[in-house]
> 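Handing you a structure now.
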Amino acid sequence: MKNVELNLHNLVRITGHLPQPLLTPLMERFGRFRGDASAAPWEIELGVLDAPGYRLRSRPGWVFDEVGAHWLGRSRKRLVIQATERGFRLLVRAPHYGRLHFGLLWALRILMARQGGALMHGAVLGDGQHTLMLLGAKRVGKTQLVLRLMEQQWQLLAEDKFLFLKGQAYCLQDHFYLRAHHLRSHPWLPRMLGQPERPARRTGEAQWRAGVETLYPGQLALTLRPDRLAWLSPGEQWQHQPISATALRQALVQQQRDAFGQFAALDQWQGDLVSLPDDLPLTGARHYLVPQPIDITVGSQSLRQWLQAATPTEGDAQAPRP
């Protein structure tokens, strides 16, 4: 009997039966998607792996054969991924949820690509008039800007990962992680931190719910249509200028490849071509140079001013090198 039946925006269904040590963390992350998944065109089946142990290995790694992709730990097989007619089957050894989550994200990425979409690394949030897609290099200050915009009542869809298809962004995660410098930069954040354990999730709670170093925004958007894109890269001082669609696409291909580099072996095994969707809002995008440490007041003001004055012809300009 199945105890997992999830429907991710009618894009992918996740079904199967898991023991409690795997079911609990899965539902903490994806429980919002409970429901009939019959309309979703692709499926990820979940099950338990009960393979015997083997001789000790010097290091964990992937092994591929006619059965599927096998993640071998030092003494036990932890995960098997098999291709099916409608998607993938993931068999995981309890209680290793980390391996299951890794497999889920990879399978979602491949199945979204097969529909012409993507699992993307970046932030999406809106101010009621525009929906901004915020992408850029690692550690450039994206989370800092997202927190400032949230403080100014922007609605968040994603801070780290989201699904994208046919011009629409879809929420995937209901939380993101905070570090000490985030708390120092945003005086309002420490007041919103709760106990170390995650609070109960009840409708009508305060907008901000957080465990230590983890923020659970209470009013996430489920889907938004981005109409503006800002590309962030390190620079000596705050400045922004137009970036051509061609140059931006090249930069985004590399950024997304770096963000999901841990999937390279599985991508090669399956042979799927994972590319950027064709309907990203590249026209009119801006390239922002961000000094370190980031000045979030200047950055958020600059983003708001650009969105208020943005015109459809900005994307015709030649790009700086990202």
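Just so you know, these numbers use all the heavy atoms, side chains as well, and skip hydrogens, waters and symmetry mates.
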> List for me each residue that meets side-chain contact (heavy atoms from CB on, under 4.5 Å) alongside Q239, sequence neighbours excluded, and say none if there are none.
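Counting only residues at least two positions away or on another chain, Q239 forms a side-chain contact (heavy atoms from CB on, under 4.5 Å) with Q237, Q241, L289.
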> Mind checking side-chain hydrogen bond (donor to acceptor under 3.5 Å, both in side chains) for Q168 and listing every partner two or more places apart, or none if nothing turns up?
T223, R225
> Are M112 and L222 connected in the hydrophobic side-chain network, where two residues link if heavy atoms are under 4.5 Å apart?
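No, it is not one cluster - the side chains of M112 and L222 are not joined through contacts under 4.5 Å.
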> Would a distance-only check, ignoring hydrogens and angles, find a side-chain to backbone donor-acceptor pair under 3.5 Å from T24 to P21?
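Absent.
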> Just verifying a value: how many Å separate L156 CG and M150 CE, rounded to the nearest 0.5 Å?
5.0 Å
> Are more than 12 heavy atoms, taken from residues, nucleotides or ligands other than Q292, located less than 6.0 Å from that residue's CD atom?
yes
> Side chain of H130, backbone of L307: donor and acceptor closer than 3.5 Å?
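Pair found, side chain donor or acceptor close to backbone of L307.
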> So, R93 side chain and K77 main chain: donor-acceptor pair closer than 3.5 Å or not?
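Yes, R93 side chain to K77 backbone: donor-acceptor pair under 3.5 Å.
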> Under 3.5 Å, side chain of D227 to main-chain N/O of P281, donor-acceptor pair present?
no
> Taking the side chain as every heavy atom from C-beta outward, state whether L163 and V12 have any pair of such atoms under 4.5 Å apart.
no
> Could you tell me if the side chain of H287 sits less than 4.5 Å from the side chain of P242, heavy atoms only?
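Heavy-atom side-chain distance check fails, nothing below 4.5 Å.
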> Do you know which two heavy atoms are closest between L145 and I294, and how far apart they sit?
CG-CD1, 3.8 Å
> May I ask you to decide if V298's main-chain N or O and S302's side chain share a donor-acceptor pair within less than 3.5 Å?
no
> Taking atom CH2 of W106 and atom CZ of F260, what is their separation to the nearest 0.5 Å?
13.5 Å
> Ignoring hydrogens, what is the shortest heavy-atom contact between A39 and N10? Give both atom names and the distance.
CB-OD1, 3.6 Å
> After noting the C-alpha distance and the side-chain angles of L79 and H96, does the key distance pass the side chain to side chain contact (heavy atoms under 4.5 Å, CB included) rule?
CA-CA 9 Å; L79 174 68; H96 300 291; over 6 Å; no
> Could you please spell out the steps behind the side chain to side chain contact (heavy atoms under 4.5 Å, CB included) verdict for L6 and I44?
CA-CA 10 Å; L6 306 176; I44 301 173; over 6 Å; no
> Answer yes or no: is there a side-chain heavy-atom contact under 4.5 Å between R89 and V80?
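Of all side-chain heavy-atom pairs linking V80 with R89, none is under 4.5 Å.
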> So which heavy atom on V124 is nearest to which on P226, and how close?
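It is CG1-CG, 4.3 Å.
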> Among all residues two or more places apart in sequence or in another chain, which pass the side-chain contact (heavy atoms from CB on, under 4.5 Å) test with D160?
H121, Q173
> Ignoring hydrogens and geometry, is there a side-chain-to-backbone donor-acceptor pair from D279 to K166 under 3.5 Å?
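A pair under 3.5 Å: yes.
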> Please check if atom CD in Q262 has more than 12 non-hydrogen atoms from other residues, nucleotides or ligands closer than 6.0 Å.
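Result for CD/Q262: enclosed.
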> Check whether any side-chain heavy atom of Q129 lies under 4.5 Å from a side-chain heavy atom of Q308, and answer yes or no.
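Side-chain contact under 4.5 Å: no.
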> Test of understanding: with side-chain hydrogen bond (donor to acceptor under 3.5 Å, both in side chains), list the residues that count as partners of S185, not counting sequence neighbours.
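side-chain hydrogen bond (donor to acceptor under 3.5 Å, both in side chains) check on S185 returns Q144.
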> With sequence neighbours excluded, give me every salt bridge (Lys or Arg N to Asp or Glu O under 4.0 Å) pair touching residues 14-25.
none
> Just checking, is any N or O donor in the side chain of T84 or E43 under 3.5 Å from an acceptor N or O on the other one?
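No, E43 and T84 have no side-chain donor paired with an acceptor closer than 3.5 Å.
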> Would you say the rings of F102 and W71 are close, in the sense that their centroids are separated by under 6.0 Å?
no
> Indicate the atoms forming the closest heavy-atom contact of V48 with P19, along with that distance.
CG2-CD, 3.3 Å
> From R76 CZ over to L49 CG, what is the distance, rounded to the nearest 0.5 angstrom?
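R76 atom CZ to L49 atom CG measures 10.0 Å (nearest 0.5 Å).
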> I'd like to check the side-chain hydrogen bond (donor to acceptor under 3.5 Å, both in side chains) partners of Y97; sequence neighbours left out, ordered by chain and number.
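Listed in chain order: H101.
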> My understanding is that only residues two or more places apart in sequence, or in another chain, count here; which of them pass ring pair (Phe, Tyr, Trp, His ring centres under 6.0 Å) with Y288?
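Residues passing ring pair (Phe, Tyr, Trp, His ring centres under 6.0 Å) with Y288: H240.
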> Can you check side chain to side chain contact (heavy atoms under 4.5 Å, CB included) on L8 and Y170, steps first, answer last?
CA-CA 9 Å; L8 275 63; Y170 297 90; over 6 Å; no
> Under the salt bridge (Lys or Arg N to Asp or Glu O under 4.0 Å) test, which residues partner R249, sequence neighbours left out?
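If we apply the salt bridge (Lys or Arg N to Asp or Glu O under 4.0 Å) test to R249, skipping adjacent residues, there are no hits.
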> Please tell me if the side chains of R13 and N7 come closer than 4.5 Å, counting only heavy atoms from C-beta onward.
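Heavy-atom side-chain distance check fails, nothing below 4.5 Å.
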> Determine yes or no for a side-chain-to-main-chain donor-acceptor pair under 3.5 angstrom, with D127 supplying the side chain and W154 the backbone.
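Not confirmed, D127 side chain does not pair with W154 backbone.
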> Is there a side-chain contact between F64 and Q268, using heavy atoms and a 4.5 Å cut-off?
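With C-beta onward as the side chain, the pair stays apart.
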> Could you go through L224 and F162, starting from their C-alpha distance and side-chain angles, then the distance that decides it, and tell me whether this counts as side chain to side chain contact (heavy atoms under 4.5 Å, CB included)?
CA-CA 11 Å; L224 292 172; F162 60 94; over 6 Å; no
> Can you name the side-chain contact (heavy atoms from CB on, under 4.5 Å) partners of A123, sequence neighbours left out?
L134, K142, V146
> To the closest 0.5 Å, what do you measure between CG (L157) and CG (L125)?
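Reported to 0.5 Å precision, the distance equals 9.0 Å.
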> To check you understand the geometry: which heavy-atom pair defines the closest contact between L46 and L26, and what is its length?
CD1-CD2, 3.9 Å
> Taking only residues two or more places apart in sequence or in another chain, which ones pass side-chain hydrogen bond (donor to acceptor under 3.5 Å, both in side chains) with R257?
Q254
> May I have all residue pairs that pass salt bridge (Lys or Arg N to Asp or Glu O under 4.0 Å) and include part of residues 96-113, sequence neighbours excluded?
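Sorted result for residues 96-113: R109-D267.
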> Might you point out which heavy atoms bring L104 and F30 nearest each other, and give the distance in Å?
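In this case the closest contact between L104 and F30 is CD1-CE1, 4.1 Å.
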> Partners of Q155 by side-chain contact (heavy atoms from CB on, under 4.5 Å), sequence neighbours excluded?
A221
> Can you tell me if Q115 uses its side chain to pair, donor with acceptor, with the backbone of L11 under 3.5 Å?
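Present.
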> Between R32 and D174, does any side-chain N to carboxylate O distance fall below 4.0 Å?
yes
> Do the side chains of I81 and L90 get nearer than 4.5 Å, heavy atoms only?
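In short, these two side chains touch, coming nearer than 4.5 Å.
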> Hey, what do you get for CD1 (I110) to CZ (R114), rounding to the nearest 0.5 Å?
6.5 Å
> For the CG atom of L91 and the CD atom of E45, what is their distance to the nearest 0.5 Å?
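That separation rounds to 9.0 Å.
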